[in-house]
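Note that the numbering runs from 1 along the sequence shown for the chain. Everything numeric here is computed off the predicted structure, so don't read it as measured data.
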Amino acid sequence: MNAVIDTSVIVVFSVFIMLVGFSFSRTGRNLKSFFAAGEAVPWFIGGLSLFMSFFSAGTFVAWGSIAYKYGWVAITIQWTMCIGGLITGLYLAPRWKATGNLTAAEFIRERLGDRVQKSYIYIFMLVSLLIKGSVLYSVARLVSSSLGFPLMPSTVVLGLFMIAYTAVGGLWAVMVTDILQFAILTAAVLILIPLAFDAAGGVQQFLHFSPEGFFDVVNGEYTWGFMIAFALYHIFYIGGNWTFVQRYTSVDTPKSASKVAYLFAGLYIISPVLWMLPPMVYKTINPGLSGLDTENAYLMICQHVLPAGLMGLILTGMYFSTSASANTALNVVSAVFTNDIYKGSINPGASDKKLMLVARVSSWFFGLGMIAIALVVPYIGGIVEFTLSIGAITGGPLLAPPIWALFSKRLTGRVTLYVTVISLAMNLVFKIILPFTSGFRLNRGEEMLLGVGLPFLMLALYELYAAYKGTISNEYTELQQRRATRKASPVIISAEEAREIRKQNRFGLNVIAFSLSFIAVLLYVLCFFSAGSVVLVASIATIILLSSLIPLRAARKVKLD
């Protein structure tokens, strides 16, 4: 009976969220509205969407495993992401918005040249498909093992849900569903925490029976060196990852772009504490997990304490937190292909209608590629770790040079390629080749410092050299000339286009308000199956219902005329 109720909850929420995405099918008039939402997204929506796009089921599996084994250090690790968000808000997000470019790839082409852009595009698209395909596999495995469904059909169905609203609705569909996923996940975790403490005998019992050092800020292999390196990595990752740059360019002003990053940072102060408490509490309930079994700690505490229906809610939250990151990557990969490959090289004179068709078809194409990779994972073994290694290897070399180019007038396209290629090669040698050939292996902190520090050092040395020589890159000079031309002849948005942008934004806000109300109603229905948790579930449902007033009031402030 419980499995039936949990499955029903997952199906109802999934269908509802997909229908919400479909509701935006008529709002994408051109590339700017489809991929950048008319560059008029309210900053708080962009910030919540960035927050949801950042993590996946791996947050609960990987960090949950660390929380179970080592305790508070799992929260410390995630606080480094807050540092990355703050630095991005102060210096990087407003710079990205000020470029006037639709995508990071477009900026790379204008600032560093076609050759650099094309090299980056192909690597970015490949890495995104591999990583997000692996992420889809992990959440499909989680859902299938929890509910007893076959893995392959689960992967295909969940993947199709993920693709559908991204391909149809564009960025607004992605961001609105991100907000709903945030509400579902937050509700599920807030319900789980008190039930977990109750199962452990209360807060005092939890504190008393926790292992020694369980609340230390650093623990085990996660040293201060690792934390510093991880914080540096996240400055580049949050400030330069193409999927996140889209959140900074889709708001109206550089100041709003900063607010997007600040909201992300603020949420990453509070949320890691809420997320990591359940597996930490489970350590006192069942301290016997070891090895890979620790990765199931989050799922086990859910199964241990959640009544019928609420298990489906937490699985829905985990799935859609994963799809939030995957469909964001999917939207950006499609944006890069349509804007920077098809429009930039294949068909520069394509009409808006043609570009919109390519955008939607490419979303499906790349999405099906993610599903294919997810289906192959069980037959390869270890690809999740492999793709995480790919992310670590490519992160610094791909993200550091474009961020540097936001500030530097000396960096050239040729030097960028040298820095990227040399850094990638060194990372491959130290992270993959040497461990297999000689047994030499860097620890986690050293790996992270190498990945981020090497390209940063090379860029700094070149900047000093170029400053000594007094040289300015030709690409920078040409970019300034193009910007001066654009400034002299600005693109004037017609009254009709401006009205359509405001109409799209008001529609999005109204959909959010309605959807939050719908989620609250479904939670009220779950009260009938929640046994002793009725008051808790009803209270959270009421909070979500009241929060729907925020986007509703914001929608009423958007004037069409």
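Residues L263 and L48 form a side-chain contact, since some pair of their non-hydrogen atoms from C-beta on lies under 4.5 Å apart. Side-chain contact between K259 and V251 is absent, with no heavy-atom pair separated by less than 4.5 Å. Taking 4.5 Å as the limit, some side-chain heavy atom of L516 sits within range of a side-chain heavy atom of P551. For the pair F514 and L552, the minimum side-chain heavy-atom distance is 4.5 Å or more. At a threshold of 4.5 Å between non-hydrogen side-chain atoms, the residues L160 and L368 count as touching.
Using bins of under 30°, 30° to 60° and over 60° for the plane-to-plane angle, the ring pair F518/F16 lands in the parallel bin. Using a 30° and 60° split on the angle between ring planes, W275 and Y268 fall in the perpendicular class, above 60°. Between H234 and F230, the ring planes are perpendicular. Angles over 60° get that label, and only those under 30° would be called parallel.
F407 CZ: more than 12 foreign heavy atoms inside a 6.0 Å radius.
Remark: side-chain polar atoms of T186 are not paired, donor with acceptor, to backbone N or O of A183 under 3.5 angstrom.
In this view, F107 and W96 satisfy the ring pair (Phe, Tyr, Trp, His ring centres under 6.0 Å) rule, not counting sequence neighbours. Listed by chain and number, the residues in a salt bridge (charged side-chain N to carboxylate O under 4.0 Å, His left out) with E110 are R486 (sequence neighbours excluded).
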Show the numbers, then the answer: is there a side chain to side chain donor-acceptor pair (under 3.5 Å) between T253 and S256?
-> CA-CA 5 Å; T253 64; S256 294; 3.2 Å; yes

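Side-chain rings of W63 and Y298 stay apart, their centers remaining 6.0 Å or farther from each other. Aromatic pair Y237/F244: centroids less than 6.0 angstrom apart.
Rounded to the nearest 0.5 Å, atoms NZ (K557) and CZ (R506) are 14.5 Å apart.
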